[in-house]
Visitor: 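I'd like to ask some things about the structure below.
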Number of protein chains: 2
Amino acid sequence: MSKMSQTELAVLGALSVQSMSGYAVRAAITGTLGHFWGESFGQIYPTIARLEGAGFVERDVAGKTSGSTFGLTLAGRKRLVELLAEPNQSAPPRNGTLLRLFFGSLLGPEVCQQILDDARMRAEQQLAELDAIAHEVRAEVRADPDARYRLLTVLAGQHSARAQIAWVEESLELLTM
Amino acid sequence: MSKMSQTELAVLGALSVQSMSGYAVRAAITGTLGHFWGESFGQIYPTIARLEGAGFVERDVAGKTSGSTFGLTLAGRKRLVELLAEPNQSAPPRNGTLLRLFFGSLLGPEVCQQILDDARMRAEQQLAELDAIAHEVRAEVRADPDARYRLLTVLAGQHSARAQIAWVEESLELLTM
DNA sequence: CCGAGCATGTAACACGTTACATGATTGC
DNA sequence: GCAATCATGTAACGTGTTACATGCTCGG
């Protein structure tokens, strides 16, 4: 699977929840998937157009005076499941913070501590957001068992953020020893 | 800072440790920085050429019959510190595993459990590698305090891998409830 | 002498972001 | 009527990977 079809996957997924405009797809992705996925307009519209050409997506102009609504066709839903089942090929990691810290001796301990503090602050902020979302989603799960899957992605973010914070603590100790 | 200068940063960093060929830069990056950074030949050679044009890197053909050695100039070392000091602008995250699990209800619990097991296996394998490296680097730190910075990046990987494993455990429980 | 690995590069393609252009709708 | 937001798209640019082409050198 090319990387492009990762974008297709995200778009098809968004439209599988409900039909909506391209603009709304973007909003749905940055809002709901925002903690682990991102797409820009420049990707979304061409992708929708390609999916429409391939018969996976249908445009419903209907009586609307402006804008259109896009929805999955049957083939589109099948294609979505197909893409979901493919193994995830992850891109090589690129962590700018670690790259900087690796050469930290050229920067000095003070600057490195600042970089670490920044990382901790970002992680703490993200953790707070995720805690709030987790609370909501846990409530949803009681009503709809399928909401578990959404909860999984929130849990992943929480674990990751907490690990980041613990790492910063340990690292600061190591630097000030 | 453009994203390109992230590649410049990695290349300058590699050459700051010692002068070497472009081929060796690639080996150094995939080897030593491999757990949090990746570069391909197609990026490295043009980047070295650009750095050479800008006067940050010097080519030393010397008496060698083939190949050349690249080393940092004074301006190059200054440039490296400059880039290191710039704030890290991280790319929007793209986690294919989470994207799939988010739409897990379309795949069913069994497939999702398999995805989680895969993730755990990869994390465990990475953790084992990192544990070994950490052992080595801790020994180096006793001789050279500057090796701490290398240790930081290894610690980050360990925390991240352990978090991943803990997340899988919790998620599997949630799915089999 | 021949294959494996060292070494340098380029070209084609894929991917992605940003900025721009354009217009409709809606609430004040 | 005017501003904010919804909505659709394109063009330019930067970035990055892959595959290819080429030649050296060194050990067996």
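Proteins come first, then strands; the chains are lettered A, B, ... in the order of their sequence lines, and each starts at number 1.
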Visitor: Do you know which two heavy atoms are closest between B:Q113 and B:T176, and how far apart they sit?
Guide: NE2-CG2, 3.6 Å

Visitor: Using atom CG of A:D60 as one end and atom C1' of D:dA7 as the other, report the distance to the nearest whole Å.
Guide: 15 Å

Visitor: Can you tell me how far P of C:dT18 sits from OH of A:Y45, to the nearest Å?
Guide: 17 Å

Visitor: Below 3.5 Å, can you tabulate the donor-acceptor pairs from side chains in residues 140-153 of chain A to any protein atom, sequence neighbours excluded?
Guide:
unit_1: A:E140; atom_1: OE1; unit_2: A:R150; atom_2: NH1; d: 2.5
unit_1: A:D144; atom_1: OD1; unit_2: A:D146; atom_2: N; d: 3.0
unit_1: A:R148; atom_1: NE; unit_2: A:P145; atom_2: O; d: 3.4
unit_1: A:R148; atom_1: NH1; unit_2: B:L174; atom_2: O; d: 3.0
unit_1: A:R148; atom_1: NH1; unit_2: B:L175; atom_2: O; d: 3.2
unit_1: A:T153; atom_1: OG1; unit_2: A:R150; atom_2: O; d: 2.7

Visitor: Can you list every salt bridge (Lys or Arg N to Asp or Glu O under 4.0 Å) pair that touches residues 120-134 of chain B, not counting sequence neighbours?
Guide: B:D117-B:R120, B:R120-B:E169

Visitor: For B:S21, answer base if it contacts any base atom (sugar-phosphate contacts may also be present), sugar-phosphate if it contacts only those atoms, and nothing otherwise; contact means non-hydrogen atoms under 4.0 Å.
Guide: sugar-phosphate

Visitor: Verify the contact: side-chain N or O of A:R94 to OP1 or OP2 of D:dG16, cut-off strictly under 4.0 Å; return yes or no.
Guide: yes

Visitor: Who are the side chain to side chain contact (heavy atoms under 4.5 Å, CB included) partners of A:A75, not counting sequence neighbours?
Guide: A:F56, A:T73

Visitor: Excluding sequence neighbours, so at least two apart, what forms side chain to side chain contact (heavy atoms under 4.5 Å, CB included) with A:E39?
Guide: A:T7, A:A10, A:I29, A:W37, A:Q43, A:I44, B:R94

Visitor: In whole angstrom, what separates B:M20's CE from C:dC6's P?
Guide: 14 Å

Visitor: Which of the following nucleotides, D:dT5, C:dT8, C:dT17, is nearest to the side chain of A:Y23?
Guide: D:dT5

Visitor: Tell me, which of residues 24-34 of chain A have any heavy atom that sits under 4.0 Å from an atom in DNA chain C?
Guide: none

Visitor: Please give, in whole Å, the distance from C:dT18 P to A:E39 CD?
Guide: 12 Å

Visitor: Excluding sequence neighbours, so at least two apart, what forms side chain to side chain contact (heavy atoms under 4.5 Å, CB included) with B:Y45?
Guide: B:Y23, B:F41

Visitor: Would you mind reading off the distance between A:I44 atom CD1 and D:dT8 atom P, rounded to a whole angstrom?
Guide: 11 Å

Visitor: Could you please name the option among D:dT10, D:dT8, C:dG16 that lies closest to any side-chain atom of A:T7?
Guide: C:dG16

Visitor: Let me know the distance between CD of B:Q43 and C1' of C:dT8, rounded to the nearest Å.
Guide: 16 Å

Visitor: Rounded to whole angstrom units, what separation is found between the CZ atom of B:F70 and the C1' atom of C:dC6?
Guide: 13 Å

Visitor: Just the rounded figure in Å: distance from P of D:dC13 to CZ of A:F41.
Guide: 22 Å

Visitor: Hey, does the side chain of B:S160 reach the backbone of B:A156 with a donor-acceptor pair shorter than 3.5 angstrom?
Guide: no

Visitor: Under 4.0 Å between any heavy atoms, over every strand shown, what does B:G22 touch: base, sugar-phosphate, or nothing? Just pick one.
Guide: sugar-phosphate

